[in-house]
Number of protein chains: 2
Amino acid sequence: MSDTIPPTRERIIAAAGKLFHSEGIRAVSVDAVAEKAGVTKRTLYYHFRSKDDLIAAYLEARDQPNLALFQRWFAETDGDAAAKVEGIFRNLARSASHPKWKGCGFLRTSVELINLPGHPAILAGRAHKKRIEDWLCSIFEEEGAVKEPRQLARQVILLLDGAFAVVLLHRDPSYMEAAGDAAARLIRTSLPKRDAPDVGRACTALDP
Amino acid sequence: MSDTIPPTRERIIAAAGKLFHSEGIRAVSVDAVAEKAGVTKRTLYYHFRSKDDLIAAYLEARDQPNLALFQRWFAETDGDAAAKVEGIFRNLARSASHPKWKGCGFLRTSVELINLPGHPAILAGRAHKKRIEDWLCSIFEEEGAVKEPRQLARQVILLLDGAFAVVLLHRDPSYMEAAGDAAARLIRTSLPKRDAPDVGRACTALDP
DNA sequence: TTGTGTATATTCACTGGTCGGTATACATCA
DNA sequence: TGATGTATACCGACCAGTGAATATACACAA
C-alpha cells in the first residue's frame with residue numbers, strides 16, 4: 001500500500017499501543033487490537049507470529065521516543081543537573097495529572113507477564129530501564145564532581161519507577177514532585193561536601 | 001468444620017494467596033484456586049461471591065502481617081531512624097534474593113486491575129500503602145528534629161515501591177540496597193543542617 | 001501489449017480450549 | 001425441618017490461533 005500514509009504493520013502497532021497501554025495486556029484481546037487497527041485478525045497474524053510478538057513490538061516502538069522525551073525535558077530545564085533531573089519529574093507530574101494517564105507501560109507490562117521469565121516484553125522493559133539509567137549515569141559522570149555516578153543513577157531510577165507505581169496507585173501526582181525533590185537532594189548531597197545540602201545550586205562544572 | 005485445623009474459608013484464602021501472589025491475578029483461574037484449596041469450585045463460590053471478592057480477601061489478609069513484618073525489621077535493627085529504615089531494605093533485599101520472590105502483591109494486583117478503577121483490591125492496595133506511609137511518618141514525627149516528616153515518609157515509600165518494581169524487573173536485589181542507602185541519606189539530610197550529610201550517624205534523639 | 005508466475009497482503013469462517021459463574025441435587029447437623 | 005455446606009455437571013462468553021481461499025503488485029517472457 002501507500003508507504004506514506006498507513007503501512008498496515010505500523011497501524012497495528014499503533015492500535016496495540018493505545019489499547020495495551022490504556023487497558024493492559026491481558027485485558028485486551030487480539031480481536032480488539034485488530035478491530036481498532038481496521039484489520040482482520042488473520043491479517044494481524046500475518047504481520048505478527050503471536051500476541052507475544054505484538055506485545056514486544058509495542059514496547060520496542062516506545063523505547064526510543066520515551067528516552068528522547070526524557071532527554072528533551074532534561075535539556076529544556078535550566079540549572080544544574082539536580083534541577084534538570086527535577087524538571088523531568090515536574091514534567092511527568094504534569095502528564096500524570098491527566099485522568100487517562102496510565103503510568104509506565106514497560107513496568108506494567110513486565111508486572112503482567114511476571115510468570116513468563118524470558119518473555120521478550122520483559123527483556124524490552126529491562127533494556128529500556130537500563131538505557132535510561134545509563135543515560136543518567138553518563139550525565140553524572142560528565143558532572144565530574146559526583147562521587148558514585150552509577151549508584152546515584154540507580155537511585156534516581158528507583159525514585160522514578162517508584163513514582164510511576166505510587167502515582168498510579170493513589171492517582172496523586174504530588175508524589176511525582178516529592179520524588180523529584182528527593183532526586184534533587186540525592187544528587188546535591190552526592191557532590192563533594194563543599195556546599196551545604198541546601199537549596200542554592202551546587203557547582204555546575206567543576207572537574208576533578 | 002473443625003475450627004482449629006482448616007476452616008474452609010481460610011484454606012481458600014491461603015490457596016488464593018499462594019497462587020495469586022506467585023502467578024498473578026488474571027493468570028490464575030478460580031478452578032485452580034479451588035483445586036489448590038482441596039475444594040470444589042461450587043464451595044468456593046459458597047464462601048465468596050465472585051473472583052473479585054476473593055482477590056480483595058487475599059489482599060486484606062496480607063495487610064496487617066505485612067506492616068507487622070516491617071515494624072519487626074525496624075525494631076530489630078540498631079541505630080538511629082535512618083539505620084533502622086535501612087534495615088528494612090536490607091531485610092527486603094534478603095527476601096528478594098530468593099528466586100521465587102515476586103515483589104509486592106498489592107502493587108502487582110493494582111497494576112493488573114488498573115482498568116477497573118473502583119475495584120476493592122485497588123482500594124485495599126491504597127489503604128495498605130497509606131498505612132505504611134503513616135507509620136513511617138509517625139516515626140519521623142517522634143524523631144522530632146525532622147523538618148518535613150510527611151514529605152520524608154512519602155519519599156521513603158517512593159524508594160520502597162520503586163525498589164519492588166525495579167528489583168522485580170531486573171531480578172537484582174542490589175537495587176534494594178541502593179534504595180535503602182538513598183532512604184538513609186534522605187532521612188539524615190532531613191535533620192536540621194547541623195551535621196554534614198555524611199556517613200556518620202546524625203543525631204538520634206534531639207527534641208526541638 | 002498481453003499473458004503467466006510468484007511473493008505479498010488480506011479476508012471469512014472456524015476450532016479447540018479456558019474461564020467465571022450457575023443449576024441441581026445431595027449430605028450433615030442443630 | 002431447615003440451615004449450612006459440598007459435589008457433579010453444565011452454560012454462555014470469550015479468546016488465541018488456523019485453514020483455505022482470494023486480491024494485489026510486480027517480475028519477465030512472448
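Throughout, protein chains are lettered first and strands after them, A, B, ... in sequence-line order, and every chain is numbered starting at 1. These numbers were taken from a predicted model, which means no experiment stands behind them.
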For this session: Might you confirm whether atom CD of A:Glu35 has over 12 heavy atoms from other residues, nucleotides or ligands at distances under 6.0 Å?
Result: no
Problem set entry | Atom-to-atom span, CZ of A:Arg9 to P of C:dT10 - whole angstrom | 12 Å
For this session: Give a yes/no on whether any side-chain N or O of B:His47 is located under 4.0 angstrom from OP1 or OP2 of D:dT4.
Result: no
Problem set entry | Length of the line joining B:Leu113:CG and C:dG20:P, which is rounded to integer Å | 12 Å
For this session: Go through C:dA9, D:dT8, D:dC15 for me and flag the one nearest to the A:Asp31 side chain.
Result: D:dC15
For this session: Give a yes/no verdict on a cation-pi contact between A:Arg154 and B:Tyr175, requiring under 6.0 Å between NZ or CZ and the six-membered ring centre and an angle within 45° of the axis.
Result: yes
For this session: State plainly whether the residues B:Asp78 and B:Lys84 are in salt-bridge range, i.e. N to O under 4.0 Å.
Result: no
Exercise. To the nearest angstrom, how far is B:Glu35 atom CD from C:dT18 atom P?
Worked result: 13 Å
For this session: Taking all heavy atoms of A:Ser190 and all of B:Arg185, pick out the closest pair and write down the distance.
Result: OG-NH2, 2.8 Å
For this session: Check whether any side-chain N or O of A:Thr8 sits under 4.0 Å from OP1 or OP2 of C:dT10, and answer yes or no.
Result: yes
Seminar exercise, completed: Per atom distances to the B:Lys41 side chain, the nearest of C:dG20, D:dG17, C:dT8 is C:dG20
Exercise. Any chance the rings of B:Trp135 and B:Phe70 have centres within less than 6.0 Å?
Worked result: no
Exercise. Rounding to a whole Å, what distance do you find between B:Phe48:CZ and C:dT22:P?
Worked result: 16 Å
Exercise. Salt bridge between B:Glu141 and B:Arg150, side-chain N to carboxylate O under 4.0 Å?
Worked result: no
Seminar exercise, completed: By nearest-nucleotide position on DNA chain D, the 5'-leaning member of B:Val39 and A:Arg42 is B:Val39
Exercise. D:dA7 P sits how many Å from B:Leu44 CG, rounded?
Worked result: 12 Å
Problem set entry | More than 12 heavy atoms from other groups under 6.0 Å of NZ on A:Lys18 | no
For this session: Nearest whole angstrom, please: distance from the P of D:dG5 to the CD1 of B:Ile12.
Result: 11 Å
Problem set entry | Sorted by number, the residues of residues 14-30 of chain B with heavy-atom contact under 4.0 Å to DNA chain D | none
Problem set entry | Distance test, side-chain N/O of A:Thr40 to OP1/OP2 of C:dT11, below 4.0 Å | yes
For this session: Could you work out which one of C:dG21, D:dT6, C:dT10 sits closest to the side chain of B:Tyr45?
Result: C:dG21
Exercise. Taking CG from B:Asp52 and P from C:dG20, how many angstroms apart are they, rounded to a whole number?
Worked result: 10 Å
